[in-house]
Q: 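Supplied in structure tokens, the structure appears directly below.
Indexing begins at 1, ligand by ligand and atom by atom, following the structure's order.
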Amino acid sequence: MKALVWHGKGDIRYETVPDPEIEHPRDAIIKVTSCAICGSDLHLHDGFMPGMKSGDIVGHEFMGEVMEVGKENKALKVGDRIVVPFTIICGECDQCRRGNFSVCERTNRNKDLADKMFGHTTAGLFGYTHLTGGYPGGQAEYVRVPFADATHVKIPDGLTDEQVLFLGDIFPTGWQAAVQCEIEPTDTVAIWGAGPVGQFAIRSALLLGARQVVAIDRVAERLSMAKAAGAITINFEEESVVERLNELTGGKGPEKCIDAVGLEAHATGTLDSMMDRAKQTMMLETDRPHVLREMIYVCRPAGTLSIPGVYGGLLDKIPFGASMNKGLTWRMGQTHVNRWTDDLLRRIQEGQIDPSFVITHTVGLDQGPAMYDTFREKRDGCVKVVLKP
Ligand code: NAD
Ligand code: ZN
């Protein structure tokens, strides 16, 4: 079959690889009908995530048709149409029973590596480094879904791929980011990053009743998309984020701050961002946490920081004193996808939201490598790429 394969920094290729096979009785094999490129894939593309190996199949946002099921898989049958959550879940361990799906205790087959790196393992993820199991990803014609009897969202008839594909990652990710803010009707929610995750966080914060939502980015098309949803926008290259947020909140700062940017934050001319870039080049720091610093500084005392943006390792110069003394609450994590999908699927069916608004590019899987660059460079108005194998 054909798939997108990682060979090193900036080197993703469209290649022929062996077809997947059932390896365990709970597995399923699906034929991918649609998949997408996520901001998290860019961290792999840019060489920031440890634990990738040349030859790894990438992709963790995908859906398709069940072609084959393992003997013990009673939940799925051939022909079912499913979205596959990017977090692989057993559905049975202590964490899964509590709904903490992204830290499932049993699906990371490289648990020992993760235990060493993080203290305790987290869930297995598709197409995302050997630290999280090294499972072949979904930017491919076929995928083996391990623990498929639990790791799926069944799609009812009458919905297009484009309406439901993002249930596997960015829609619940934006939603969880907003839910973790415990939004009150008087809240200002400031959201850094108007990429796909930011777009869903904006719409989720509005659906959850925020007084005002402020979107921060520097890419015109992304800011327009945010404005169309009802957000106030700030271009961080044209004005001071801190000054404008204080202005919009009577000098008090936003109650809730969401980091939908993560470890590759840009910043122009600030001292901290120059330091991060220098340290990252010298391998003295893994991440560029400019957005985190800005959120700590501008957030209203007793406010909440919600962090869906991905970080990889060790961060420098975090003003923890400010955070402690202001009494900020931090919420973060990879998304507990299946915790939210029943509710979100219902909201799609009821027409509260149509997630396809975010798609700007639909191309064949063979054009995947070029699309990584278009998405990364935000060329051609690119916000979200869907690939058709
Ligand atoms: P993206 O790269 O398309 O979007 C990031 C946006 O941040 C870009 O539009 C960029 O211009 C903007 N940005 C950069 N520096 C900024 C700054 N200083 N201030 C404000 N905006 C800035 O990616 P995405 O797909 O939207 O993903 C965003 C983040 O969410 C990534 O880190 C990704 O890994 C992460 N993510 C996390 C989960 C999860 O489960 N927690 C799931 C999906 C994605
Ligand atoms: Zn993702």
Q: Atom 44 (C) of ligand 1: which protein heavy atom is closest, and how many Å away?
A: Ser40 OG, 3.3 Å

Q: Quick test of your reading of the structure: of Thr335, Ile170, Val197, whose heavy atom lies closest to atom 26 (O) of ligand 1?
A: Val197

Q: Would you say the ring centers of Phe62 and Phe126 fall short of 6.0 Å from each other?
A: yes

Q: Please work out whether any backbone atom (N, CA, C, O) or any side-chain heavy atom from C-beta onward of Gln199 is under 4.0 Å from ligand 1, and answer side chain, backbone, both or neither.
A: neither

Q: Using a strict 4.0 Å cut-off to heavy atoms of Ile216, name the atoms of ligand 1 that fall inside it.
A: 20 (C), 21 (N)

Q: Nearest non-hydrogen atom to atom 18 (N) of ligand 1 belongs to which of His60, His266, His43?
A: His266

Q: Of the backbone atoms (N, CA, C, O) and the side-chain heavy atoms from C-beta on, which set of Val241 has a member under 4.0 Å from an atom of ligand 1: side chain, backbone, both, or neither?
A: neither

Q: Answer side chain, backbone, both or neither: which part of Val383 comes under 4.0 Å from ligand 1, heavy atoms only.
A: neither

Q: What protein heavy atom sits nearest atom 2 (O) of ligand 1, and how far off is it?
A: Leu42 CD1, 4.0 Å

Q: I'd like to know if Asp27 pairs up with Arg144 as an ion pair, taking the criterion as any Lys NZ or Arg NE/NH1/NH2 lying under 4.0 Å from an Asp or Glu carboxylate oxygen.
A: yes

Q: Just to be sure I'm reading this right: ignoring hydrogens, which of Ala265, Pro196, Cys382, Gly312 gets closest to atom 24 (P) of ligand 1? Compare them by their nearest heavy atoms.
A: Pro196

Q: Below the 3.5 angstrom mark, is there an N/O of Trp192, backbone or side chain, next to an N/O of ligand 1?
A: no

Q: Under 4.0 Å from a heavy atom of Cys38: give me the atoms of ligand 1 that qualify, with their elements.
A: 43 (C), 44 (C)

Q: Can you tell me if Ser102 contacts ligand 1 (heavy atom of the residue under 4.0 Å from the ligand)?
A: no

Q: Just verifying a value: how many Å separate Asp276 CG and Lys317 NZ, rounded to the nearest 0.5 Å?
A: 9.5 Å

Q: Look at the aromatic rings of Phe200 and Phe357 and report parallel, tilted or perpendicular, splitting at 30° and 60°.
A: tilted

Q: Write down the atom of Asp316, the atom of Pro289, and the distance for their closest heavy-atom approach.
A: O-CG, 3.9 Å

Q: Looking at every heavy atom in both Val358 and Lys384, which two are closest together, and how far apart are they?
A: O-CB, 3.3 Å

Q: Taking 4.0 Å as the limit for heavy-atom contacts, which would you say applies to Ala260 with ligand 1: side chain only, backbone only, both, or neither?
A: backbone

Q: Which is it for Glu294 and ligand 1 at heavy atoms under 4.0 Å: side chain, backbone, both or neither?
A: neither

Q: To the nearest 0.5 Å, tell me how far Ile353 CD1 sits from Arg347 CZ.
A: 9.5 Å

Q: Could you give the distance from CD1 (Ile155) to CD (Gln163), rounded to the nearest 0.5 Å?
A: 10.0 Å

Q: Using a strict threshold of under 4.0 Å (side-chain N to carboxylate O), is an ion pair present between Arg376 and Asp373?
A: no

Q: Taking 4.0 Å as the limit for heavy-atom contacts, which would you say applies to Val261 with ligand 1: side chain only, backbone only, both, or neither?
A: both

Q: Hey, which N, O or S atom on Asp169 ends up closest to the Zn ion (ligand 2)?
A: OD2

Q: Using the rule side chain to side chain contact (heavy atoms under 4.5 Å, CB included), only one of Val197, Ile348, Val386 pairs with Phe166; which is it?
A: Val386

Q: Under a 4.0 angstrom heavy-atom cut-off, which atoms of ligand 1 come close to Lys378?
A: 8 (C), 9 (O), 10 (C), 11 (O)

Q: Check this for me - ligand 1, Gln334, N or O atoms closer than 3.5 angstrom, yes or no?
A: yes

Q: What residue and heavy atom of the protein are closest to atom 43 (C) of ligand 1, and at what distance?
A: Asp169 OD1, 3.1 Å

Q: For atom 11 (O) of ligand 1, what is the nearest protein heavy atom, given as residue, atom name and distance?
A: Asp217 OD1, 2.7 Å

Q: Mind checking whether Arg222 contacts ligand 1 via backbone (N, CA, C, O), side chain (CB onward), both or neither, at a 4.0 Å heavy-atom cut-off?
A: side chain

Q: Should you measure from each heavy atom of Val291, which atoms of ligand 1 turn up under 4.0 Å away?
A: 17 (C), 18 (N), 19 (N)

Q: How long is the gap from OG on Ser102 to CD on Gln176, to the nearest 0.5 Å?
A: 6.5 Å

Q: Here's one to test your reading of the geometry: is the NZ or CZ of Arg109 within 45 degrees of the ring axis of Tyr135 and under 6.0 Å from its centre?
A: yes

Q: Please report whether ligand 1 has a polar contact with Pro308, defined as an N or O pair separated by less than 3.5 Å (distance criterion only).
A: yes

Q: Please give me the minimum heavy-atom distance between Asn108 and Ala114, naming the atom from each residue.
A: ND2-CB, 3.5 Å

Q: Would you name the heavy atoms of His266 and Arg288 that are closest together and state the gap between them?
A: CE1-NH2, 4.2 Å

Q: Does a salt bridge link Arg13 with Asp11, judged by any charged N lying under 4.0 Å from a carboxylate O?
A: yes

Q: Could you tell me whether some N/O pair between His290 and ligand 1 is separated by less than 3.5 angstrom?
A: no

Q: Would Phe375 count as a polar contact of ligand 1, with the cut-off being nitrogen or oxygen pairs under 3.5 Å?
A: no

Q: Among protein heavy atoms, which lies nearest atom 16 (C) of ligand 1, and at what distance?
A: Phe236 CE2, 3.5 Å

Q: Contact between Phe86 and ligand 1, counting heavy atoms under 4.0 Å?
A: yes

Q: Under 3.5 Å, N or O to N or O, is Gly39 touching ligand 1 that way?
A: yes

Q: Quick one: which ligand 1 atoms are inside 4.0 Å of a heavy atom on Gly262?
A: 32 (O)

Q: Answer yes when Arg300 and Glu255 have at least one side-chain N-carboxylate O distance shorter than 4.0 Å, and no when they do not.
A: yes

Q: Measuring from non-hydrogen atoms of Ala267 to any atom of ligand 1, is the shortest distance under 4.0 Å?
A: no

